[in-house]
Engineer: 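Before I ask anything, here is the structure I am working with.
Order of the sequence lines sets the chain letters (A, B, ...), proteins ahead of strands, with each chain counted from 1.
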Protein chains: 2
Amino acid sequence: MSYTLLIADDERDIRDMLASYFGKCGYEVLLAEGGREAVRIALRGPDLILLDVGMPDMDGLEVCRSLRDAVSCPILFLTARIEDADKVNGFAAGGDDYIVKPFSLSELAARVAAHLRREERQTAKAEVKFAGGLVINYSAAEIAYRGAPVPLTRQEYRIAELLSLHAGRVFDKEAIYEKIWGREGEGSSAVVAEHVRKLRGKLAEAGADSPIETIWGLGYKWRS
Amino acid sequence: MSYTLLIADDERDIRDMLASYFGKCGYEVLLAEGGREAVRIALRGPDLILLDVGMPDMDGLEVCRSLRDAVSCPILFLTARIEDADKVNGFAAGGDDYIVKPFSLSELAARVAAHLRREERQTAKAEVKFAGGLVINYSAAEIAYRGAPVPLTRQEYRIAELLSLHAGRVFDKEAIYEKIWGREGEGSSAVVAEHVRKLRGKLAEAGADSPIETIWGLGYKWRS
DNA sequence: GCGTTTCTTGGACGAATCTTGAAAAACGGC
DNA sequence: GCCGTTTTTCAAGATTCGTCCAAGAAACGC
């Protein structure tokens, strides 16, 4: 399961450098060249956002403020401004970390990983009950309906896991494919659709009414 | 609701200074003079832990490792060690932040607040409320009026999303078309107008008075 | 190796959605 | 109040999207 980063910086060199570095680390990378673009792309739901503070069209702080209510992922500022007051402003805008250029890539990577790990720790409960008698045991990778385990294949389970962990959030088929397969693919949407069909079939067979809803033209979501 | 911090440092001056500062900020403060004591007190479940790396009886990293599975709160390292490798070690040990001495109190306070805020955000839904009882949940791609979701099609939702994110700004029809369809088109204005009509219709049907205003000769805007 | 399970791909169908064109209404300047 | 322009409305055709099925490919356990 791969994480998606959104990197927003107006300087092409930095953007490319970060993209290639995190790409090599196994992350999916989305790029934005400016603040407005960052806001738009952020709605695709990255797992973490790296935001340059000084961008010409829309200030990073401003981007952060306008996103804060809409997306819940960690937002890390990158900046050359070193003053305390600047840092405090960054946090006040809703940022989760403030990294001063020039930064070392290893430290940046460690911080990114730490924030992602924290996100995961939040949701790392062994067992979660969902409406309708469905219970998912994430550590055992098992879904049960009224005590009886539902036999799922790997991809089916992973899709259920992804959607259920973010219950209520809409994922389009490409996003699901990228998260689970860790790469982009052309026939991705058909593959995902097929697995969702199987998954629904097995859940229905077990007697549960499927918690996976189709949002026409947008994707799937786990009923919350 | 006041948060409880655990501050672990073997130097009495620093401990007292931090305790008094965060005490004034309204936090409950627990103090530990060494690593072993920190582990013991941490089990009382503070909301956040400030951990000195260099303590005589038990290294901060060690403390962190032994706590990580037991407590899920953020752990912030305080240290004079500035090397990248040290920082990376800190994060690898399960730390959530790494703050180099001498640090400014305002920055430290901002970081503490950011980590606590993040904990809280986990439970909060990502929703934005607009005037007139309209609520948009961007991650669920859903618009609700007085709790009842308004069934929108893809393009309708996207237009609402675009306009609401930049409430108050006027978009002409070509601009909307380019943002959403990602290309230029000739009949674009008619297409957009049609979708806006449908969108208004559905919002009106749900009972909400449409937040989309027509600026004659210029385009549309979301009432702010 | 061999058989079984799981994954992936392609195509057909129906339904939901999008787009288009033309006519009616609204607006603003004069 | 009239006229050109812009917006709104309506209905029908075109397109996209999701579901389903079946068969081939790949991975897996033994």
Engineer: Atom NZ of A:Lys198 and atom C1' of C:dT6: how far apart are they, to the nearest Å?
Structural biologist: 8 Å
Engineer: What is the separation between atom CD on B:Glu213 and atom P on D:dT7, rounded to the nearest whole Å?
Structural biologist: 15 Å
Engineer: Nearest of D:dC20, D:dT7, D:dT9 to any side-chain atom of B:Thr214?
Structural biologist: D:dT7
Engineer: Among the nucleotides D:dT6, C:dT9, C:dC7, which one has an atom lying closest to any side-chain atom of A:Thr153?
Structural biologist: C:dC7
Engineer: Quick one: CZ on A:Phe130 to OG on A:Ser164, what's the gap to the nearest 0.5 Å?
Structural biologist: 4.0 Å
Engineer: To the nearest angstrom, how far is A:Tyr177 atom OH from D:dG18 atom C1'?
Structural biologist: 19 Å
Engineer: I need the CD-C1' distance between B:Glu156 and C:dT17, as an integer number of Å.
Structural biologist: 9 Å
Engineer: For the residue pair B:Tyr177 and B:Arg183, confirm or rule out a side-chain donor-acceptor distance under 3.5 Å.
Structural biologist: yes
Engineer: In whole Å, I'd like the distance from the CG atom of B:Leu203 to the P atom of D:dT8.
Structural biologist: 14 Å
Engineer: Just compare D:dT8, C:dT9, C:dC18 and give me whichever is closest to any side-chain atom of B:Gln155.
Structural biologist: C:dC18
Engineer: Check whether any side-chain N or O of B:His195 sits under 4.0 Å from OP1 or OP2 of C:dT17, and answer yes or no.
Structural biologist: no
Engineer: Answer yes or no: does a side-chain N or O of A:Tyr220 lie under 4.0 Å from OP1 or OP2 of D:dT19?
Structural biologist: yes
Engineer: Return no unless some side-chain N or O of B:Lys173 is found under 4.0 Å from OP1 or OP2 of D:dT7.
Structural biologist: yes
Engineer: Using 30° and 60° as the class boundaries, would you call the ring planes of A:Tyr27 and A:Phe22 parallel, tilted or perpendicular?
Structural biologist: perpendicular
Engineer: Taking the side chain of B:Trp181 as heavy atoms from C-beta outward, which of C:dT17, C:dC18, D:dT8 is closest to it?
Structural biologist: C:dC18
Engineer: Is the shortest side-chain N to carboxylate O distance from A:Lys87 to A:Asp97 below 4.0 Å?
Structural biologist: no
Engineer: Which nucleotide sits closest to the side chain of A:Arg154: C:dA26, C:dC7, C:dT20?
Structural biologist: C:dC7
Engineer: Would A:Arg15 and A:Asp10 pass as an ion pair if we require N to O under 4.0 Å?
Structural biologist: no
Engineer: Among the nucleotides C:dT8, D:dG18, D:dT7, which one has an atom lying closest to any side-chain atom of A:Val191?
Structural biologist: C:dT8
Engineer: How many Å lie between CD1 on A:Ile215 and P on D:dT19, as a whole number?
Structural biologist: 11 Å
Engineer: Has the side chain of B:Glu194 got a donor or acceptor atom sitting under 3.5 Å from an opposite partner on the base of D:dC10?
Structural biologist: yes
Engineer: Just how far, in rounded Å, is C1' of C:dA24 from CZ of B:Arg197?
Structural biologist: 13 Å
Engineer: Calculate the interatomic distance between B:Leu218 atom CG and C:dC27 atom P; express it in whole Å.
Structural biologist: 15 Å
Engineer: Using a cut-off of less than 4.0 Å, is there contact between a side-chain N or O of A:Arg200 and OP1 or OP2 of D:dC20?
Structural biologist: no
